[in-house]
Amino acid sequence: MSNPDKALLRIDGVSARYGEAVAIEDVSLSVTAGAVVAIIGANGAGKTTTLKVASGVLRPASGDVWFNGERMTGERPGAFVRRGVSHCPEGRGVFPYMSVEENLLAGAFLVTDKAGTKERLEHIWDLFPRLKERQRQYAGTLSGGEQQMVAIGRALMSSPKLLLLDEPTIGLAAKIVQQVAELIRRIRDEGVSIVLVEQNAQMALDLADYAFVLEGGKVRLEGPAAELKTSSLVREAYLGI
């Protein structure tokens, strides 16, 4: 595991449940500042649950969550956002009858600096020129790829230190997938750490510095992404090789 003493995010021995059903059990992972960390695994492996715990959406049954050296276990999602965690959930979740600009501004609902919000919005327009062209358009009328851009842009409006991305390429055409991959690289290059949950394991491992493989709610493998790409388990189960 990456050095926990230098970790921006650290999840220590976390278990989480939905009712009586155990979703993840004794999961530990860390994210170093400036890194892209991938979490791969089959459907139902616990990937989305791990992100929900990391953003305060789901309280763990046991274990601890630390962010930037501060224990966050049990805190509400708003506390995570204020400290620099932003979660872009699976399914995009845009507000269909609000404009693109209104959707983006919803991501800054905890930001009190109006000048900073305007500056951040200009930065999003720079990242997504297509969205600027459609800023007055209802988000529900956009293509799937454009809606994903809105979802990521909204998550970036709070100027996060850590961005949690859950299946950002699901349902997108191959050309758009490549655009999303380039966007993730650009966000990383701007100094934002990223946790990427992605069914496209090849893309995830190509983008990531470090990776975790979840199976049955537990960490099965972890290591530098380049090394995991050579693992027989990963190659057979997730890369189709």
- State which residues pass side-chain hydrogen bond (donor to acceptor under 3.5 Å, both in side chains) with Arg220; sequence neighbours excluded, sorted by chain then number. Glu215
- Task: Give a yes or no answer on whether the side chain of Ser193 reaches the backbone of Gly34 with a donor-acceptor pair at less than 3.5 Å.
- Result: yes
- Query: Residues in salt bridge (Lys or Arg N to Asp or Glu O under 4.0 Å) with Glu119, at least two apart?
  - Reply: none
- Query: Is there any side-chain hydrogen bond (donor to acceptor under 3.5 Å, both in side chains) pair reaching into residues 161-176, and which pairs are they, with sequence neighbours excluded?
  - Reply: Thr48-Asp166, Thr169-Glu198
- Message: Between Ser15 (side chain only) and Asp26 (backbone N and O only), is there a donor and an acceptor less than 3.5 Å apart?
- Response: yes
- Message: Taking Ala42's backbone N and O only, do any of them form a donor-acceptor pair with Lys47's side chain (distance below 3.5 Å, no angle check)?
- Response: yes
- Partner residues of Ala151 under the side chain to side chain contact (heavy atoms under 4.5 Å, CB included) criterion, sequence neighbours left out: Cys88, Arg92, Gln148, Arg154
- For the pair Glu146 (side chain) and Ser143 (backbone), establish whether a donor and an acceptor sit closer than 3.5 Å, ignoring hydrogens and angles. yes
- Glu20: partners by side chain to side chain contact (heavy atoms under 4.5 Å, CB included), with sequence neighbours left out: none
- Message: Which residues pass the side chain to side chain contact (heavy atoms under 4.5 Å, CB included) test with Gln137, not counting sequence neighbours?
- Response: Arg134, Thr141, Leu142
- Item | Worked check of side chain to side chain contact (heavy atoms under 4.5 Å, CB included) between Leu104 and Trp125 | CA-CA 10 Å; Leu104 293 175; Trp125 296 146; 3.6 Å; yes
- Message: Has Gln135 got a side-chain atom pairing as donor or acceptor with Lys132's backbone, closer than 3.5 angstrom?
- Response: yes
- Arg188 (side chain) donor-acceptor with Val36 (main chain) under 3.5 angstrom: no
- Task: For Arg59, check salt bridge (Lys or Arg N to Asp or Glu O under 4.0 Å) against everything at least two apart and list the hits.
- Result: none
- Check: Asp209 side chain, Ala35 main-chain N or O, donor-acceptor pair, under 3.5 Å: no
- Message: I'd like to check the side-chain hydrogen bond (donor to acceptor under 3.5 Å, both in side chains) partners of Asp189; sequence neighbours left out, ordered by chain and number.
- Response: none
- Do any N or O atoms from the side chain of Ser55 and from the backbone of His87 form a donor-acceptor pair under 3.5 angstrom? no
- Message: Ignoring hydrogens and geometry beyond distance, is a side-chain donor-acceptor pair present between Tyr210 and Ser30 at under 3.5 Å?
- Response: no
- Ionic contact status for Arg186 with Glu182, cut-off 4.0 Å: no
- Item | Set of side-chain hydrogen bond (donor to acceptor under 3.5 Å, both in side chains) partners for Asp64, sequence neighbours left out | Arg71, Thr73
- Which hydrophobic side chains are connected to Phe95, either touching it within the sub-4.5 Å cutoff or through other members that do? Met98
- Output all residues satisfying side-chain hydrogen bond (donor to acceptor under 3.5 Å, both in side chains) with Glu75, sequence neighbours left out; order by chain, then residue number. none
- Message: I'd like to check the salt bridge (Lys or Arg N to Asp or Glu O under 4.0 Å) partners of Arg83; sequence neighbours left out, ordered by chain and number.
- Response: Glu70
- Task: May I ask you to say whether Asp206 pairs ionically with Arg185, meaning some side-chain N is under 4.0 Å from a carboxylate O?
- Result: no
